[in-house]
Amino acid sequence: MPFYGRVDHFKRAVESVRNQSDGDWRLIVIDDLYPDESAGTWLTSLGDSRIEYHRNAVNLGVSGNFNSCVDHLRNEFAVIFGCDDLMLPNYVSRVKELQALYPQSDLIQPGVSVIDENSVPAWPLSDRIKAMLRPVGVRPSLYAGEPLAASLLRGNWCYFPSLAWRSSRLAQFRFREDRHVVQDLSLILQIVFDGGSLVLDDETVFAYRRHSGSVSSMGGVDGSKFAEERDVFYEAAVECDSLHWTKAARIARTHATSRLNAISEIPGALHSRNARSAKSLLRHAFGGWN
């Protein structure tokens with residue numbers, strides 16, 4: 001668990017791990033030098049031998065701290081768990097069941113519900129769209145190759161903090177530290193391009209916290225998120241071309257859903273009288289197709 005955020009949310013996240021029906025887990029918290037040190041004090045006071053706490057000597061930033069988490073991995077599968085999210089009591093047991101069903105899988109996307117800043121169930125437009133973009137079919141199911149790449153490039157329906165990753169894959173590719181918002185999609189695609197597979201399940205075992213203070217939300221109006229997305233899409237198109245995945249390459253170059261998302265952010269930029277942001281959003285929405 002990379003930590004930098006609200007201490008009350010952090011405590012709830014930790015307790016959600018400790019309340020798992022299957023106790024076969026290890027929690028490693030990497031504190032990215034958060035100014036309030038009470039989180040670490042509270043965590044160590046629990047005296048739980050399954051929990052480790054490390055505090056970085058310097059602030060590494062989001063992607064840097066993700067890679068610090070990767071450096072501490074020891075188990076076959078791992079979760080880069082959000083410090084404000086919640087594991088439902090059956091998360092570990094269900095993921096273990098899915099591992100047994102699909103031992104070749106590199107990624108496991110379990111069922112996810114959404115909560116707001118106050119832990120109230122929520123279903124905002126972004127998550128309704130995610131649900132629409134997910135592959136249809138019987139669950140659980142295994143996906144790989146061009147169909148998986150094309151689906152994710154059409155719209156990233158994964159919930160990064162809920163994903164269970166094969167640790168060797170995380171160590172192989174790591175998180176790109178020049179990415180600050182869409183580093184998860186970039187890494188998932190690298191695994192897919194390298195022959196990796198993903199299990200998708202519908203049984204809800206995770207609560208993802210959606211709130212306006214998130215990095216991805218804040219990056220929308222100023223256009224920075226979309227600049228990153230554009231780079232990821234064009235790099236993915238080149239990789240798809242090399243694999244002769246023509247459909248996935250076409251979807252990457254058009255990235256229609258991302259363009260529509262940028263259009264939806266333009267009124268906010270205009271309302272805030274931020275001409276630079278509006279220009280950036282317009283460029284992403286209506287710019288070239290490379």
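Predicted, not measured: the structure shown is a model, and the values here were computed from it.
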Write down the atom of [X], the atom of [Y], and the distance for their closest heavy-atom approach.
{"X": "Gly61", "Y": "Asp32", "value": "N-OD2, 2.9 Å"}
{"X": "Ala13", "Y": "Asp85", "value": "CB-O, 3.2 Å"}
{"X": "Ala149", "Y": "Phe193", "value": "CB-CE2, 4.3 Å"}
{"X": "Arg154", "Y": "Leu133", "value": "CG-CD2, 4.2 Å"}
{"X": "Ala131", "Y": "Trp123", "value": "CB-CZ2, 3.9 Å"}
{"X": "Cys158", "Y": "Leu152", "value": "SG-CD2, 3.9 Å"}

Any chain of hydrophobic side-chain contacts (each under 4.5 Å) joining [X] to [Y]?
{"X": "Leu163", "Y": "Leu73", "result": "yes"}
{"X": "Leu270", "Y": "Phe226", "result": "yes"}
{"X": "Leu189", "Y": "Trp157", "result": "yes"}
{"X": "Leu153", "Y": "Ile129", "result": "yes"}
{"X": "Phe173", "Y": "Val70", "result": "yes"}

[X] and [Y]: side-chain donor and acceptor closer than 3.5 Å?
{"X": "Ser258", "Y": "Arg230", "value": "no"}
{"X": "Ser272", "Y": "Asn274", "value": "no"}
{"X": "His180", "Y": "Ser63", "value": "no"}
{"X": "Gln109", "Y": "Asp201", "value": "no"}
{"X": "Tyr53", "Y": "Asp31", "value": "yes"}
{"X": "Asn90", "Y": "Gln20", "value": "no"}

Spacing of [atom1] belonging to [X] relative to [atom2] belonging to [Y], to within rounding of 0.5 Å:
{"X": "Arg174", "Y": "Asn67", "atom1": "CZ", "atom2": "CG", "value": "4.0 Å"}
{"X": "Arg55", "Y": "Leu43", "atom1": "CZ", "atom2": "CG", "value": "12.5 Å"}
{"X": "Ile80", "Y": "Gln183", "atom1": "CD1", "atom2": "CD", "value": "11.0 Å"}
{"X": "Arg139", "Y": "Leu98", "atom1": "CZ", "atom2": "CG", "value": "12.0 Å"}
{"X": "Thr246", "Y": "Ile251", "atom1": "OG1", "atom2": "CD1", "value": "9.5 Å"}
{"X": "Met132", "Y": "Thr257", "atom1": "CE", "atom2": "OG1", "value": "9.0 Å"}

Between [X] and [Y], does any side-chain N to carboxylate O distance fall below 4.0 Å?
{"X": "Glu76", "Y": "Arg166", "answer": "yes"}
{"X": "Arg18", "Y": "Glu15", "answer": "yes"}
{"X": "Glu228", "Y": "Lys225", "answer": "no"}
{"X": "Arg210", "Y": "Asp84", "answer": "no"}
{"X": "Asp106", "Y": "Arg169", "answer": "yes"}
{"X": "Arg74", "Y": "Glu52", "answer": "yes"}
{"X": "Arg179", "Y": "Glu235", "answer": "yes"}
{"X": "Arg253", "Y": "Asp241", "answer": "yes"}

Side-chain donor or acceptor of [X] paired with backbone N/O of [Y] under 3.5 Å:
{"X": "Ser68", "Y": "Gly64", "result": "no"}
{"X": "Lys247", "Y": "Ala150", "result": "no"}
{"X": "Thr44", "Y": "Gly40", "result": "yes"}
{"X": "Tyr91", "Y": "Ser162", "result": "yes"}
{"X": "Asn118", "Y": "Val120", "result": "no"}
{"X": "Ser280", "Y": "Arg276", "result": "no"}

Close side-chain approach of [X] to [Y], heavy-atom, < 4.5 Å:
{"X": "Ile30", "Y": "Asn56", "answer": "yes"}
{"X": "His255", "Y": "Arg259", "answer": "yes"}
{"X": "Asn75", "Y": "Trp25", "answer": "no"}
{"X": "Asp48", "Y": "Val14", "answer": "no"}
{"X": "Ile28", "Y": "His54", "answer": "yes"}
{"X": "Tyr143", "Y": "Ser197", "answer": "no"}
{"X": "Tyr4", "Y": "Leu33", "answer": "no"}
{"X": "Ser113", "Y": "Tyr208", "answer": "no"}

How are the rings of [X] and [Y] set relative to one another: parallel (under 30°), tilted (30 to 60°) or perpendicular (over 60°)?
{"X": "Phe10", "Y": "Phe3", "result": "tilted"}
{"X": "His211", "Y": "His9", "result": "tilted"}
{"X": "Phe81", "Y": "Phe206", "result": "perpendicular"}

Discussion item. Walk me through whether Lys130 and Asp127 qualify under side-chain contact (heavy atoms from CB on, under 4.5 Å).
Written reply: CA-CA 5 Å; Lys130 271 181 176 279; Asp127 297 287; 4.1 Å; yes

Practice prompt. Evaluate the criterion side-chain contact (heavy atoms from CB on, under 4.5 Å) for residue pair Asp202 and Arg134; output intermediate values, then yes/no.
Written response: CA-CA 11 Å; Asp202 281 341; Arg134 292 198 327 164; 2.5 Å; yes

Worksheet item: Yes or no on salt bridge (Lys or Arg N to Asp or Glu O under 4.0 Å) for Asp36 and Arg6, after CA distance, side-chain angles and deciding distance?
Response: CA-CA 9 Å; Asp36 184 351; Arg6 283 178 49 171; over 6 Å; no

Discussion item. Between Phe160 and Phe66 (judged by ring centroids, cut-off 6.0 Å), do the two rings come close enough to count as a pair?
Written reply: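 Between Phe160 and Phe66, the centre distance is under 6.0 Å.
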
Fill in: Worked verdict on Cys69 versus Phe175 for side-chain contact (heavy atoms from CB on, under 4.5 Å)
CA-CA 10 Å; Cys69 291; Phe175 293 92; over 6 Å; no

Worksheet entry | Residues Ser16, Asn19; criterion side-chain contact (heavy atoms from CB on, under 4.5 Å); working and verdict | CA-CA 5 Å; Ser16 77; Asn19 290 332; 5.7 Å; no

Worksheet entry | Evaluation steps, salt bridge (Lys or Arg N to Asp or Glu O under 4.0 Å), between Asp184 and Arg176 | CA-CA 9 Å; Asp184 57 326; Arg176 283 184 52 169; over 6 Å; no

